Novice: 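What follows is a single structure, and I will ask about it in a moment.
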Amino acid sequence: MMKMSMVRSAALALTLAMPQVVTAQTVPPRESVSAIGKEAVKTVHRGTYGGVRLRYTATVEAIPIAISSGATADIVSFAYTRDGVDASRRPVIFLFNGGPIVPSPYVHIGGLGPKRVAFPDDVKAAPETFKLVDNSYSPVDAADLVFIDPASTGFSRVTGGTKASDFFSNVTDAAQFIAFIKAWQIKHGRERSPVYLFGESYGTHRAAEIAKQTAEDPAPIPLKGIFLYGQAVNVVEWSQRPANITSYVASLPTIAATAWFHGKIDRKGRSIEEFIAEATSWATSRYLAALYQGSALGETGRRDIAARLEEYSGIPADWYLANDLKITKERYRLELFKTEKLLLGRQDARYTAPVTDKGGAVDPAEVLGDSIIAFFKQYMRSDLKVADPDKYVSQSPVTGMTGWNWGAAAMGPFTDYPYYQGIAKLMAKDPEFRLTIGNGYFDTMTTLGGAELLATQSGFDPKRVSVRFYDGGHMGYSVDATARKVADDIRKLAR
């Protein structure tokens, strides 16, 4: 789930004790221990973004932070600030990836920074065809961009007597980001600049917790909007426990999109958007009702549902009749190309890989993340003039389900822990706050139906919520057209 591809599934975790509420603290001057040292590295660049020719400054710097639990760190960010404009009230977007916890190159040069890795739309293209290009879609024309790496990732390091694990909870993790944002705004004279967040995967949990702490903070950051991409905030509602019938309904639109892409169903001239809409309408009405009936559904009804499921998923009706009219996302990854002995990508089901003798395979879409890290080190050296990019930590320090405190009293985000309430709380407090929820068509970790459920079942003001679906998977911005659409939607959010 989360950003599993980049940390090879070392992502989901929990300890049972509830953490204390933490807040940002003033940090006295001291020597930096970050992996880039105490001096900021600045370079000036020019480019055309959103159709606007402009000059911008790239700043790689460490900022010391502390939270009330006593944990301290030097947090390193990559900031892009437009030159020649009045920045005092210019929007600032703070962007981060998931994990927990991983650094930010994936949303950085993967899709939204001034440079991005260009991946061919052909998912079978060799990695040798990938290249680093100017990203004309980047929203740096409309807002300043700050990509943040949490403590113990990237160049960021814990300080003093702090252990890396002191930040291994959803509460302390979010607190370090709030502390960083406050310190960054003060250092750069941007206290009046409206703040926006772009969080991906686990980063959506982080964004929700940041919203909660902001709503409760007597001196809050001016948080005006959040973009949740590949969201997992309400994962408990669509995690596929056998009796959770909602989860099968929520997963069907993503399954249908995948079947359409691979030509496993009869498209009948329908576009992918039309096919997804049709599958969604049927799933949320007839399929949901049938699953609710369960064993009370008659044989004729069972056969009718199985036949329709075959039409939307490409899996034979007889398979559904033998499996209680249900297929999990993980089982679908194995079943769709079972005859061909291929496995669908978890984070991007457009990709396939041969199934091993043991029945599994490395997620074929990992080629995206691996390439981004390789290009990022090259980019830091050539464009940003970072002295030693090899010190950059790209893997998560968190291992296993018990390495992270999710704030719930049981195993992680799959329990009924209401992350979304933090966003609802801030939305109720600030009538100007807005939310965008985005998801890739082919992301089997965080699904289209899950995004719809978050928008409609969380008590959010519908007039201030936008739900957007895009070509691609968990890293949909790897698709050229999606990189443009996501950036344009960021511009709308931060207008």
Side-chain angles (χ1 to χ4, degrees), residues 24-47 54-67 71-85 87-88 90 92-97 101-105 107-109 112-115 132 138 140 143-162 164 167 176-191 193 195 221 373 375-394 397:
Q25 303 290 297
T26 301
V27 182
R30 54 170 171 74
E31 190 73 13
S32 174
V33 302
S34 78
I36 63 163
K38 64 179 180 180
E39 297 298 330
V41 181
K42 294 189 177 185
T43 51
V44 177
H45 309 263
R46 289 177 174 81
L54 57 87
R55 189 182 76 169
Y56 65 91
T57 296
T59 304
V60 186
E61 66 178 336
I63 293 180
I65 64 98
I67 58 177
T72 61
D74 284 342
I75 303 301
V76 177
S77 66
F78 296 77
Y80 300 95
T81 51
R82 183 173 175 177
D83 297 338
V85 297
S88 62
R90 178 171 161 82
V92 184
I93 305 173
F94 294 90
L95 306 95
F96 39 83
N97 270 100
I101 47 179
V102 294
S104 60
V107 293
H108 186 169
I109 67 163
L112 299 174
K115 290 285 185 80
L132 190 68
S138 176
V140 71
D144 293 333
L145 310 178
V146 183
F147 297 88
I148 308 173
D149 295 338
S152 302
T153 74
F155 294 129
S156 301
R157 302 290 185 266
V158 294
T159 56
T162 299
F167 287 108
Q176 74 169 301
F177 276 75
I178 291 174
F180 172 82
I181 291 169
K182 288 183 176 182
W184 189 93
Q185 288 193 288
I186 291 170
K187 181 174 182 178
H188 296 283
R190 302 294 295 274
E191 296 94 326
S193 289
V195 168
I221 58 175
I373 292 300
F375 275 109
F376 191 59
K377 290 186 177 181
Q378 170 190 318
Y379 169 67
M380 285 191 287
R381 182 179 289 110
S382 62
D383 290 59
L384 302 183
K385 308 305 178 185
V386 172
D388 194 354
D390 288 334
K391 291 181 179 179
Y392 195 83
V393 177
S394 59

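Not measured: the values here are computed from a predicted model. Any value given below was found using the heavy atoms of this structure, including those in side chains, with hydrogens, waters and symmetry copies removed.
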Novice: Side chains of Ile101 and Pro397: does their closest heavy-atom pair fall under 4.5 Å?
Specialist: yes

Novice: With sequence neighbours excluded, tell me which residues meet salt bridge (Lys or Arg N to Asp or Glu O under 4.0 Å) with Arg82.
Specialist: none

Novice: Using the rule given for side chain to side chain contact (heavy atoms under 4.5 Å, CB included), can you reason through Thr81 versus Arg90, listing the C-alpha separation, both sets of side-chain angles and the distance that settles it, and then say yes or no?
Specialist: CA-CA 10 Å; Thr81 51; Arg90 178 171 161 82; over 6 Å; no

Novice: Please name all residues satisfying ring pair (Phe, Tyr, Trp, His ring centres under 6.0 Å) with Phe96, sequence neighbours left out, ordered by chain then number.
Specialist: Phe177

Novice: I'd like to check the side chain to side chain donor-acceptor pair (under 3.5 Å) partners of Arg55; sequence neighbours left out, ordered by chain and number.
Specialist: Asp83

Novice: Would Val195 and Gln185 satisfy side chain to side chain contact (heavy atoms under 4.5 Å, CB included), going step by step from the backbone distance to the final call?
Specialist: CA-CA 10 Å; Val195 168; Gln185 288 193 288; 3.5 Å; yes

Novice: Excluding sequence neighbours, so at least two apart, what forms side chain to side chain contact (heavy atoms under 4.5 Å, CB included) with Ala387?
Specialist: none

Novice: Quick one: OG on Ser77 to CZ on Phe155, what's the gap to the nearest 0.5 Å?
Specialist: 12.0 Å

Novice: Please check if the number of heavy atoms outside Lys42 that lie under 6.0 Å from its NZ is greater than 12.
Specialist: no

Novice: A side-chain contact here means heavy atoms from C-beta on lying under 4.5 Å apart; do Phe78 and Tyr379 qualify?
Specialist: no

Novice: Between the main-chain N or O of Leu112 and the side-chain N or O of Ser138, is there a donor-acceptor pair closer than 3.5 Å?
Specialist: yes

Novice: Identify, with sequence neighbours excluded, every residue that meets salt bridge (Lys or Arg N to Asp or Glu O under 4.0 Å) alongside Asp149.
Specialist: none

Novice: Using the salt bridge (Lys or Arg N to Asp or Glu O under 4.0 Å) criterion, which residues pair with Lys377? Sequence neighbours excluded.
Specialist: none

Novice: Are any non-hydrogen side-chain atoms of Pro105 and Ile373 less than 4.5 angstrom apart?
Specialist: yes

Novice: Got Lys391 and Val386 here, is their nearest side-chain heavy-atom distance under 4.5 Å?
Specialist: no

Novice: Taking ring pair (Phe, Tyr, Trp, His ring centres under 6.0 Å) as the test, write out the residues that go with Phe94, two or more places apart.
Specialist: Trp184

Novice: For the CD1 atom of Ile181 and the CD1 atom of Ile65, what is their distance to the nearest 0.5 Å?
Specialist: 11.0 Å

Novice: Could you grab the distance from atom CD1 of Ile67 to atom CD of Gln176, nearest 0.5 Å is fine?
Specialist: 7.0 Å

Novice: Kindly write out the residues that satisfy side chain to side chain donor-acceptor pair (under 3.5 Å) with Lys385, not counting sequence neighbours, or none if the list is empty.
Specialist: none

Novice: Is there a donor-acceptor pair under 3.5 Å between the side chain of Asn97 and the backbone N or O of Val107?
Specialist: yes

Novice: Go through the structure and list residues passing side chain to side chain contact (heavy atoms under 4.5 Å, CB included) with Thr162, not counting sequence neighbours.
Specialist: Ala71, Thr72, Val158, Asp166, Phe167

Novice: Taking all atoms of both residues into account, what is the closest heavy-atom pair of Ala62 and Lys187, and its distance?
Specialist: O-NZ, 4.3 Å

Novice: Could you pull out the closest heavy-atom pair between Pro150 and Thr153, with the gap in Å?
Specialist: O-OG1, 2.7 Å

Novice: If you apply the rule side chain to side chain contact (heavy atoms under 4.5 Å, CB included), what do you find for Ile221 with Lys182, and how did you get there?
Specialist: CA-CA 7 Å; Ile221 58 175; Lys182 288 183 176 182; 3.5 Å; yes

Novice: With heavy-atom distances below 4.5 Å as the criterion, would you say the side chains of Phe376 and Pro103 are in contact?
Specialist: no

Novice: Please name all residues satisfying side chain to side chain donor-acceptor pair (under 3.5 Å) with Ser193, sequence neighbours left out, ordered by chain then number.
Specialist: Arg190

Novice: Could you grab the distance from atom CG of Leu54 to atom OH of Tyr56, nearest 0.5 Å is fine?
Specialist: 8.5 Å

Novice: Using side-chain heavy atoms (C-beta onward) and a distance below 4.5 Å, is Ile63 in contact with Ile75?
Specialist: no

Novice: Output all residues satisfying side chain to side chain contact (heavy atoms under 4.5 Å, CB included) with Ala58, sequence neighbours left out; order by chain, then residue number.
Specialist: Thr43, His45, Tyr80, Leu384

